[in-house]
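Read through the structure below, which is laid out as structure tokens, and then see the notes.
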Amino acid sequence: MSGTVYLVGAGSGAPDLLTLRAARLLASADIVFHDALVHPETLALAERAIKVAVGKRSGKHSTAQRFINKQLIDAAHKHQTVVRLKGGDPMLFGRAQEEIDALSAAGVAMEIVPGVSAAFAASAELQVSLTRRALARSVVFATPREAAGSKPNDWAKAAAAADTAVLYMAAGEAQNVSDALIAHGVPPERPVVIVENASGEPCRVIRTTVGELPDAAQSVGAGPALVMVGEVYADRKSTRLNSSHVKR
């Protein structure tokens with residue numbers, strides 16, 4: 001058998017933000033390899049599928065990427081519909097290219113189904129646009145996280161040059177983030193919003209600044225969090241930004 005592997009975005013957390021195409025694929029899947037943070041109700045859509053957890057969480061045991069690649073290839077030789085279910089969008093900090101390259105080299109058919117990335121879910125939660133006329137015309141998505149053995153990247157230079165910066169996997173490196181941004185010319189008083197569990201329950205919003213980010217990040221819980229930097233978050237007309245809050 002020669003099946004197809006679908007790299008599917010599970011979205012930022014809320015099951016009802018899943019695309020219709022993703023829901024249809026889950027319903028027809030023979031096997032689903034899923035990330036750790038996929039909502040149980042989303043997984044429940046794959047009623048007839050074998051479910052295999054291959055999630056990666058910082059500081060916790062995780063499945064090696066090369067082993068995930070092999071599992072996908074092996075599954076495509078046994079099953080017609082193989083779903084690799086990734087949090088957010090597969091093509092943004094989702095290690096999708098490693099899986100695409102491995103599947104291509106093995107001659108396995110594949111398709112990619114986009115999902116709602118956390119940056120967009122967090123913006124919807126805040127009711128604050130990433131861009132704004134005459135204030136923010138550029139956006140950077142970056143991460144300070146570096147894989148073992150990888151070359152250092154100058155993420156802070158790109159983030160400092162943008163009007164709005166969305167930093168993934170950054171709350172746990174808040175001191176490094178603050179120091180790096182300030183070293184690249186970002187004013188310590190520039191507004192920052194930390195959004196934990198964007199679109200999920202409970203969603204928590206913490207309002208701070210670049211200089212005060214290390215202290216603010218200490219109150220972040222175990223949920224996935226985004227660090228969002230820019231003058232768009234100085235707008236006190238937004239009730240979401242007037243004070244820290246938790247939505248339950």
Please go through Leu45's hydrophobic cluster and name the other residues, only I, L, V, M, F, W, Y counting, with side-chain heavy atoms under 4.5 Å joining them.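 Besides Leu45, the hydrophobic cluster comprises Tyr6, Val8, Leu18, Leu25, Leu26, Val32, Val38, Leu43, Val83, Leu85, Val113, listed by chain and residue number.
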
Among residues two or more places apart or on two chains, list those pairs meeting side-chain hydrogen bond (donor to acceptor under 3.5 Å, both in side chains) that have a residue in residues 101-113.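 For residues 101-113, and leaving out neighbouring residues, the side-chain hydrogen bond (donor to acceptor under 3.5 Å, both in side chains) pairs sorted by first residue read Gln97-Asp101.
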
Not counting sequence neighbours, list each pair that qualifies as a side-chain hydrogen bond (donor to acceptor under 3.5 Å, both in side chains) and has a residue in residues 183-195.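 Passing the test, one end in residues 183-195: Asp154-His184.
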
Any side-chain donor-acceptor pair under 3.5 Å between Ser28 and Thr81?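 Looking only at side-chain atoms, Thr81 and Ser28 do not form any donor-acceptor pair under 3.5 Å.
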
Between Asn197 and Glu201, a side-chain donor and acceptor under 3.5 Å: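 There is no such pair (donor and acceptor under 3.5 Å, judged by atom type) between the side chains of Asn197 and Glu201.
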
Going by side-chain hydrogen bond (donor to acceptor under 3.5 Å, both in side chains), name the residues that satisfy it together with [X], two or more places apart in sequence or in a different chain.
| X | value |
| --- | --- |
| Lys70 | Asp74 |
| Ser123 | none |
| Arg48 | Asp30 |
| Asp179 | Gln175 |

Decide yes or no for [X] and [Y]: does some side-chain heavy atom of the first lie under 4.5 Å from some side-chain heavy atom of the second?
| X | Y | result |
| --- | --- | --- |
| Asn153 | Thr143 | no |
| Pro114 | Thr19 | no |
| Glu231 | Pro191 | yes |
| Gln65 | Glu99 | yes |
| Arg84 | Val54 | yes |
| Leu7 | Leu103 | yes |

Output side-chain donor-acceptor pairs under 3.5 Å for residues 214-230, partner residues at least two apart or in another chain, one line each.
unit_1	atom_1	unit_2	atom_2	d
Ser219	OG	Ala216	O	2.9

Would you list the atom pairs, donor with acceptor, under 3.5 Å between side chains in residues 134-141 and any protein atom, with sequence neighbours excluded?
unit_1	atom_1	unit_2	atom_2	d
Ser138	OG	Asp163	N	2.9
Ser138	OG	Asp163	OD2	3.3

Once ring-ring contact (aromatic ring centres under 6.0 Å, His included) is applied, what residue pairs with a partner in residues 84-110 remain, sequence neighbours excluded?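 Every ring-ring contact (aromatic ring centres under 6.0 Å, His included) pair that includes a residue of residues 84-110, provided the two are not neighbours, is Phe93-Tyr168.
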
Once ring-ring contact (aromatic ring centres under 6.0 Å, His included) is applied, what residue pairs with a partner in residues 10-29 remain, sequence neighbours excluded?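 Sorted result for residues 10-29: empty, none.
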
Taking only residues two or more places apart in sequence or in another chain, which ones pass salt bridge (Lys or Arg N to Asp or Glu O under 4.0 Å) with Glu196?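 Glu196 satisfies salt bridge (Lys or Arg N to Asp or Glu O under 4.0 Å) with no residue once adjacent residues are dropped.
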
What is the minimum heavy-atom distance between Leu130 and Val232, and which atoms define it?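 Nearest heavy atoms, Leu130 then Val232: O-CG1, 4.3 Å.
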
